[in-house]
Amino acid sequence: MPPATSVSTPVLIAGAGPAGLALALTLLKNGISVRILDKNLEYHVGQRAIGTSPRTQEVWNLLGVLPDIKAASTTPKPVSVYKLPGGREVVKEVTIKMETEPTPAIPYWHTVILGQEHTETILRSHLAKHGCDVELGAELISFEQHPDHVTAQVRKVQDGSTETVTCHWLVGTDGAKGIVRKLLGLTFWGETREEHQQLLVDLHLKGLNREVRGFYLFIRPTEYNDDSFNMIGSANGLDITKIVEDPKELTAFVRASTDRDDIEIGKIKWISQYRPVQTGDGKIPNIRMVNKFGKGRVFVAGDFPAGGQGMNSSIQDSFNLGWKLALVEKGLASPYLMSTYNDERLPVIAKMLNISTDLFDRAIADTADESAWDRSGQLLQLGIHYRWSPIVIDERAEAGDDLKSANPYGVTGGAVRAGDRAPDAPGLRGIEDLDATTSLFRVFGPSYHTALIFAPRGEALESLLAALKRYPMKALRIALIVPKDGAVPSTVNVDLILSDEEGHAYTGYGVGNDGAMMVIVRPDGVIGGFLQSAEGVGRYFDRLFGTSI
Ligand SMILES: Cc1cc2nc3c(=O)[nH]c(=O)nc-3n(C[C@H](O)[C@H](O)[C@H](O)COP(=O)(O)OP(=O)(O)OC[C@H]3O[C@@H](n4cnc5c(N)ncnc54)[C@H](O)[C@@H]3O)c2cc1C
Ligand SMILES: *[C@@H]1O[C@H](CO)[C@@H](O)[C@H](O)[C@H]1NC(C)=O
Ligand SMILES: *[C@@H]1O[C@H](CO)[C@@H](O)[C@H](O)[C@H]1NC(C)=O
């Protein structure tokens, strides 16, 4: 065996799917360099996860990749259900509901459709701007934890040589069959329901025009502008393994399920089988989910062994982890912050599994009606919140609120609370540059906390600001929001002053025209605090930066 070489990187990321790529980009945007490995010799091919939720789009917005995602993606189309036998007569058109009302608070209001292969390509192009490339053919095989570092063994798939990588942190974004969870000994509970496997194929088809769509065999034209289609089949008694191993079986399956002999199967680009995440009968929490997202200096994010929690949740895991890791790596926060990754994400993932199982059960039930096609409401993920988190403070919170039992997917509408997603507010005008209008979504960023100060009468402004100045200013951006035509203090030490021309900021954050409020928006676009007093500001940042836990 060739001699092992030693290199060093602050963070080693094993697995370059959506979770690993999103984590790498978050860390790079925070000025933390990373190495990201994938054992595959080539990048993923395949449509796989195609729906990007509005909440995931907000992550892409913060990371600066949303324009590229939007430009490449398509919007959901109605589904035509064909009559069998015959397979030519459309019996109904179903619109899959994947949207909510656009409001000033919600600029991304519908799900967009983009094959996972393209989402990943776009993310890699953004990593490249930071000089970071995915190292292909590099497999993490083992690691050892030490008090202040981790040593990882990485095997080069092509020649079998190994490299020892020392790093401060290791994150396994190594997917459903990943090794990191196994080596950490993180436990799982529950079982999967093997019978609900799906056949997935990306292929060229002749005999179908791109207007044609189907269900039990679901056929969808992809964003490639040719005769490429993405097919999902889930017939009862289907031997998917056989079809995957011998694609000739596919022709028989397509003919049988469409009753059409004029459909010609062309080149198969990618074929696979997939088991959507399922819980069992709902009696026990038999979700095959990790009961912890990390140990010591090693964490996991993204898919777990049940076969895929979905891309949206994987990306949101990574985004929650990334900024915390960056603050700790920079020495600004204590390692305690890392435990809040588990505190915040575990209940969300548990609820996600519950929702997706119920949904799947309804969709395959004989009694399935239009409601089984509803992908709106909480599925848009705009209601996901961390109100129970130990690092979230709402000084307005009513005593006795039962936050622990709150639905982690939340309710959409209603008053915004600390722990919720921070709403957007357009129509803001810079005081220094009167012509420029902006929105809060352009003010927030993934590498700093934004302190929005609403102090319409100037009261308490100085004491709130003074309380902030004790903390690392490079981790903060301070924006004073004044009401339209409101008085602007002549000397005030903030990063920007914005006039709320249309009132969306004051309304959206539920701040009245009296009193003073500091709203802290975290790097992940979550409201960390509604703070009314200098004491509250101190409590919030002492917890965050770990001087008092
Ligand atoms: C075959 C298949 C079909 C799917 N179809 C759908 C679908 O139709 N709809 C849907 O919503 N979702 C689907 N999913 C799920 C969706 O793709 C995942 O939820 C999403 O990819 C999760 O991203 P991830 O980054 O956590 O994991 P992955 O995308 O699985 O990425 C993990 C990466 O880690 C790499 N890796 C593993 N072990 C190591 C190691 N030891 N060292 C280095 N690298 C390693 C792997 O090569 C892989 O590239 C499908 C998944 C699969 C596997
Ligand atoms: C989901 O949760 C609800 C309420 O807690 C429960 O009634 C239902 O059985 C759960 N479903 C599954 C599939 O676990
Ligand atoms: C992502 O979220 C959208 C919107 O809720 C949903 O339609 C899609 O199926 C989800 N996809 C994944 C892979 O999570």
Side-chain angles (χ1 to χ4, degrees), residues 12-24 35-57 76 96-100 108 110-117 119-120 123 134-143 152-155 157 170-183 197-202 218 220 230-232 234 240 244 270-277 300-304 306-318 352 355-356 359-360 373-382 384 409:
L12 180 65
I13 301 172
L21 294 167
L23 179 66
R35 280 182 65 182
I36 175 167
L37 318 173
D38 204 292
K39 68 176 180 186
N40 283 347
L41 287 167
E42 275 159 21
Y43 299 132
H44 290 161
V45 177
Q47 292 275 307
R48 293 191 200 192
I50 55 168
T52 299
S53 74
R55 187 64 174 268
T56 301
Q57 292 170 52
I96 306 181
K97 196 166 185 300
M98 288 187 162
E99 61 190 47
T100 180
Y108 318 127
H110 64 82
T111 296
V112 300
I113 305 294
L114 182 66
Q116 187 175 323
E117 55 192 337
T119 299
E120 293 180 5
L123 288 172
V134 172
E135 297 171 41
L136 289 174
E139 179 180 14
L140 175 80
I141 49 175
S142 67
F143 60 83
Q153 299 301 319
V154 175
R155 191 176 72 93
V157 174
L170 169 66
V171 185
T173 46
D174 46 352
K177 299 198 178 95
I179 190 181
V180 177
R181 280 187 184 87
K182 256 176 244 158
L183 293 177
Q197 298 190 74
Q198 297 182 336
L199 170 71
L200 299 176
V201 196
D202 287 357
F218 183 95
R220 180 184 65 91
N230 169 235
M231 247 169 47
I232 302 174
S234 60
I240 293 183
V244 171
W270 178 76
I271 181 162
S272 187
Q273 67 200 106
Y274 174 57
R275 240 179 274 110
V277 168
V300 291
D303 268 358
F304 37 77
Q309 61 163 319
M311 188 179 65
N312 295 304
S313 303
S314 296
I315 289 161
Q316 290 164 36
D317 271 1
S318 284
M352 185 272 299
I355 294 170
S356 56
L359 200 70
F360 194 84
W373 292 93
D374 193 342
R375 297 289 182 280
S376 62
Q378 59 182 357
L379 296 176
L380 301 176
Q381 302 184 318
L382 293 167
I384 290 177
Y409 263 62

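Ligands are counted one by one from 1 in listed order, and the atoms in each one are counted from 1 as well. Numbering starts at 1 and runs along the sequence shown. The structure presented is a predicted model; accordingly, all values stated were derived computationally and were not measured.
Under a 4.0 angstrom heavy-atom cut-off, Lys177 registers as lying outside contact with ligand 1. Taking a 4.0 Å cut-off on heavy atoms, Gly310 registers as neighbouring ligand 1. Residue Gly172 places every heavy atom at 4.0 Å or more from ligand 1. Under a 4.0 angstrom heavy-atom cut-off, Gln47 registers as lying outside contact with ligand 1.
At least one donor-acceptor pair under 3.5 Å links the side chain of Asp174 to the backbone N or O of Val180. In terms of modelled atom types and a separation under 3.5 Å, the side chain of Thr111 and the main chain of Ser53 share no donor-acceptor contact. Arg375 places no side-chain N or O within 3.5 Å of a backbone atom of Met98 that could act as its donor or acceptor partner. Not a single donor-acceptor pair under 3.5 Å links the side chain of Glu42 to the backbone N or O of Gly137. Looking at Thr56, its side chain never comes within 3.5 Å of a backbone N or O of Thr52 through a donor-acceptor pair.
Atoms of ligand 1 found under 4.0 Å from any heavy atom of Gly302 (numbered from 1 in listed order, with element): 26 (O). Numbered from 1 in the order shown, with element, the atoms of ligand 1 that lie under 4.0 Å from a heavy atom of Gly175 read 27 (O), 30 (O), 32 (C). Within ligand 3, counting atoms from 1 as listed, the ones closer than 4.0 Å to a heavy atom of Ala49 are 13 (C). Listed by number with element, the atoms of ligand 3 under 4.0 angstrom from any heavy atom of Met98 are 7 (O). Ligand-side atoms of ligand 1 in range of Gln116: 16 (C), 17 (O), 20 (C), 21 (O), 29 (O), range being under 4.0 angstrom from any heavy atom. In the vicinity of Thr173, heavy-atom distances shorter than 4.0 Å reach the ligand 1 atoms 32 (C), 33 (C), 34 (O). Per-residue contacts place Asn40 under 4.0 angstrom from the following atoms of ligand 1 (heavy atoms of the residue considered): 47 (O), 49 (O). Near Gln273, meaning under 4.0 Å from any of its heavy atoms, are these atoms of ligand 1: 1 (C). Those atoms of ligand 3 that come under 4.0 Å of a heavy atom in Leu379, given as number and element, are 4 (C), 5 (O).
Gln116 and Gln47 share no side-chain donor-acceptor pair at under 3.5 Å. In summary, the side chains of Glu117 and His44 do not present any donor paired with an acceptor at a separation below 3.5 Å, with no hydrogens or angles considered.
At a 4.0 Å heavy-atom cut-off, ligand 3 touches Thr111 through the side chain alone. Proximity of Ile179 to ligand 1, defined as any heavy-atom pair under 4.0 Å, is confined to the side chain (atoms from C-beta onward). When non-hydrogen atoms are compared, ligand 3 lies under 4.0 Å from neither the backbone nor the side chain of Gln381. Residue-level proximity to ligand 1 for Val180 is absent, since no heavy atom of it falls below 4.0 angstrom. Contact annotation for Ser272 and ligand 1: only side-chain heavy atoms (C-beta onward) come within less than 4.0 Å of the ligand. When heavy-atom distances to ligand 1 are checked against a 4.0 Å cut-off, Ser314 comes that close only through its side chain, counted from C-beta outward.
Rounding to the nearest 0.5 Å gives a distance of 8.0 Å between CZ of Arg181 and CG of Asp303. Atoms CD and OH, on Glu120 and Tyr43 in that order, are 10.5 Å from each other to the nearest 0.5 Å. Atom-to-atom distance recorded for Arg55:CZ and Gln378:CD is 13.0 Å, nearest 0.5 angstrom. Separation of atoms CG (Asp317) and CG (Leu23) is listed at 10.0 Å; rounding is to 0.5 Å. Atoms CG and CG, from Asn40 and Leu37 in turn, are 12.0 Å apart once rounded to the nearest 0.5 Å. Distance check: Leu123 CG to Leu21 CG gives 5.5 Å after rounding to the nearest 0.5 Å.
Remark: ligand 1 and Ala14 share no N or O pair separated by less than 3.5 Å (distance only, no angle test). Checked by distance only, ligand 3 and Gly51 come closer than 3.5 Å through their nitrogen or oxygen atoms. The N/O atoms of Ile232, backbone and side chain alike, include none that comes under 3.5 Å of an N/O atom in ligand 1. Checked against a 3.5 angstrom limit, the closest N/O atoms of Glu120 and ligand 1 fall outside it. The shortest N or O to N or O distance between Thr52 and ligand 3 is not below 3.5 Å. Where the criterion is an N or O separation shorter than 3.5 Å, residue side chain and backbone included, Gly310 fails it with respect to ligand 3. Geometrically, ligand 1 and His44 share a nitrogen or oxygen pair separated by less than 3.5 Å.
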Glu135 vs Arg35, salt bridge (Lys or Arg N to Asp or Glu O under 4.0 Å): CA-CA, chis, key distance, verdict: CA-CA 8 Å; Glu135 297 171 41; Arg35 280 182 65 182; 2.7 Å; yes
task: Apply side chain to side chain contact (heavy atoms under 4.5 Å, CB included) to the pair Gln381 and Gln316, showing each step before the final yes or no.
output: CA-CA 10 Å; Gln381 302 184 318; Gln316 290 164 36; 2.9 Å; yes
